[in-house]
Undergrad: 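I have a structure I would like to understand better, so I am pasting it below and will then ask my questions one at a time.
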There are 2 protein chains.
Amino acid sequence: MRVLLVGAGGVGTAVTRIAARRDFLTHITVADYDLSRAETAVAALGEHGDRFSARRLDASDEEAVRRVLVEERCDVLLNATDPRFVMPLFRASLAAGTHYLDMAMSLSSPHTTRPYESCGVKLGDGQFELSGQWERSGRLALVGMGVEPGLSDVFARYAADELFDEIEEIGVRDGANLTVEGYDFAPSFSIWTTIEECLNPPVVYEKERGWFTTAPFSEPEVFDFPEGIGPVECVNVEHEEVLLIPRWVDARRVTFKYGLGDDFIAKLKVLHELGLDSTAEVTVPGRSGPVQVSPRDVVAACLPDPATLGDRMSGKTCAGTWVKGVKDGAAREVYLYHVVDNQWSMGEYGSQAVVWQTAVNPVVALELIAGGVWTGSGVLGPEALPPRPFLDLLTKYGAPWGLREED
Amino acid sequence: MRVLLVGAGGVGTAVTRIAARRDFLTHITVADYDLSRAETAVAALGEHGDRFSARRLDASDEEAVRRVLVEERCDVLLNATDPRFVMPLFRASLAAGTHYLDMAMSLSSPHTTRPYESCGVKLGDGQFELSGQWERSGRLALVGMGVEPGLSDVFARYAADELFDEIEEIGVRDGANLTVEGYDFAPSFSIWTTIEECLNPPVVYEKERGWFTTAPFSEPEVFDFPEGIGPVECVNVEHEEVLLIPRWVDARRVTFKYGLGDDFIAKLKVLHELGLDSTAEVTVPGRSGPVQVSPRDVVAACLPDPATLGDRMSGKTCAGTWVKGVKDGAAREVYLYHVVDNQWSMGEYGSQAVVWQTAVNPVVALELIAGGVWTGSGVLGPEALPPRPFLDLLTKYGAPWGLREED
């Protein structure tokens, strides 16, 4: 299998380190807008980097991406850029006749008059619109195939197939106890994306009502995370699972709650109240006259780059899917989860926990596709495919998952 | 008296409206970096503007300012710019041989190793260094002559002269109940200056110890403000009064506490934790490549301009000086204060309460200087001069002050 990996940031770099240990890959072209980032990722693989090459590529230039896919004779495009580049990469892949994987879906835009009640353009709508073309091409666009969305969706399908007869609610729950030495505040994931997820109207699915939205930070609950992480305050945020799971799994309600913690929630609220979350440009003094900048970019520039903080970070991150329903006539509640200890991922891969956890899942998926275990055509979520082979292979990558029966 | 008013922002514009009603002024040249702002301020005076003219002037260009002072045959420079321009204007005035007034003093810089214990460069140090030159020139540099510092210092001197035999503590206390329709968060004063005041290490004076600093937001207390404003949470902030009052008034302790309220304090803390209060440039994407901007300028650009919010504002602002000590052998405690109702200042002058309250005091001081009631040479604070004539004249401007005996 020949792969075009677009994006050599934190997650893309971790993908190269995981992929370098797997034989199923014939070649990976690592492409980034900043060639030096791609080259650094490949150089870091040392003697294990012989199947990798680096090149410069502008992810927003659809035609350039299509040409590289053809030139490099790629079977699949793996998108590890930020969600602004989903659509050009997705279309380039369709045009080139390759498979496509991403870890975040095309962006939403709020309902113009009732943003906190009704959906406007939903996450992934832009991609599902082209579903017919993907089906006709015979190629697979496997969307939302990171950890969340991704593994969390696989868990949902696994619960439906093997653990429940009937499902009342599926709630993805994400929490961590990561701290960064020397920083009072240092988000462990891209602040741009975190703001996008948290300040957009959160989406909820109910069978009778369909998809709808609420106000940001709604329905706070304290969820007790496993393996020593403990209780963390979680709130509704906009996330792909809520849009994906109901398309293939029967459940009365689907939610996503992010364990941001009180302090982070308070900070995000302040950014919003002051308009600093905005991507709309403001005019400020520059060195040679007024310049236009996006406040959210300035917030990101003031914070340390989370991909570079692994050495100073300690703690664990947990992604998982809580499911409530009925099995054999009795009520049942489980939490299926995946925990990564930063000390382990740094020692083993030199990647911090959150980016490593995101990166391992698309590599597992590629291996299942390369081996013909996962097949299909059209735009599919991870829950559209058989979960057991995925979960078994993930364990073989040294990243075991867990199941906790809730009392 | 001929005046060069530098700065036609909110306070400068309010100065023109107040000054236009007083006969003692022969001519005021209104100067601003942005000529249109100066012209707008003069044009708004209508038939009362015949003694005013507008011109363009860069407040950072010391030699240009000196030339204008000479050309316009000014007796005094009134500085209504932000504190970054204090030193060039102060030096230009000294060079031109005119008197000088400002409402904020030269900036501080924190102690390099013990910022929250010891003073580094204090507010006004840059100005007091030139005190000898001012004395020799026979001209008066009256510094910190707004409302706070300014009227608050006059109150301190008045208390020492007429209300107390011995003073234990002088604590300037500032609070408001202003709200702005249509905004969750809209500071009523320049956010750039507010951040500067609140996030610099607060300075405290004690007779035995001299000046020292504490951590930001230290010693929170709830102070009950008069005329219906009520209780507001106040914390120590860096302010000129603490540096000025002990030079001329005998007191065991001097503090300044700002009634920011819980919510504003929380927001400022978040700005600080995220590094968004910083004036050091960060690099962010611009329309044609990376640009360097100051995060604090971006915060200011995201918020509405406080000088333009008067129409939507309601409530009152209070500036005042709380004094505790002994009179005739008995313990005494008083709060000397000045309240402005936004509805009154908008109706009477078209200026919002906070900027009007700042602007009225230097005009009163100019009238006392023009009439020979206030005289002196060197760098003096308002508490160096007789308080009673000032307080009496302030009342004649339609802005009475009050005294509350504390039980």
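Below, read A as the first sequence line, B as the second, and so on, with proteins coming before strands; counting in each chain starts at 1.
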Undergrad: So for B:Ile191, is it side chain, backbone, both, or neither that comes closer than 4.5 Å to the heavy atoms of chain A?
TA: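 For B:Ile191, there is no contact with chain A at all, as no heavy atom is under 4.5 Å.
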Undergrad: On a heavy-atom basis, which atom in A:Ala59 and which in A:Val6 lie closest, and how many Å separate them?
TA: CB-CG1, 4.0 Å
Undergrad: Would you please name every residue forming a ring pair (Phe, Tyr, Trp, His ring centres under 6.0 Å) with B:Phe217, sequence neighbours left out?
TA: none
Undergrad: How far does SG of B:Cys198 sit from CG of B:Leu260, to the nearest 0.5 angstrom?
TA: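 Taking SG in B:Cys198 and CG in B:Leu260, the distance rounds to 4.5 Å.
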Undergrad: No hydrogens needed, just list the donor-acceptor pairs between chain A and chain B under 3.5 Å.
TA:
residue	atom	partner	partner atom	Å
A:Lys267	NZ	B:Glu273	OE1	3.0
A:Glu273	OE1	B:Lys267	NZ	3.0
A:Glu281	OE1	B:Arg287	NE	2.9
A:Glu281	OE1	B:Arg287	NH2	2.7
A:Arg287	NE	B:Glu281	OE1	3.0
A:Arg287	NH2	B:Glu281	OE1	2.7

Undergrad: Could you tell me whether the side chain of A:Val203 reaches within less than 4.5 Å of the side chain of A:Cys119, counting heavy atoms only?
TA: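 Contact flag for A:Cys119/A:Val203 side chains = yes.
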Undergrad: Can you measure from SG (B:Cys302) to CG (A:Leu274) and round to the nearest 0.5 angstrom?
TA: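 The SG atom of B:Cys302 sits 8.0 Å away from the CG atom of A:Leu274.
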Undergrad: Less than 4.5 Å to any heavy atom of chain A: does that hold for the side chain of B:Val282, its backbone, both, or neither?
TA: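 For B:Val282, the side chain is the part near chain A, not the backbone.
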Undergrad: Do B:Val15 and B:Leu78 have side-chain heavy atoms sitting under 4.5 Å apart?
TA: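 Yes, at least one pair of side-chain atoms sits under 4.5 Å.
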Undergrad: Work out which heavy atom in A:Ile229 is nearest to a heavy atom in A:Ala176; give both atom names and the distance.
TA: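 Result for this residue pair: CG2-C, 3.7 Å.
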Undergrad: Select one option (side chain, backbone, both, neither) describing which atoms of A:Val291 are under 4.5 Å from chain B's heavy atoms.
TA: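 For A:Val291, the side chain is the part near chain B, not the backbone.
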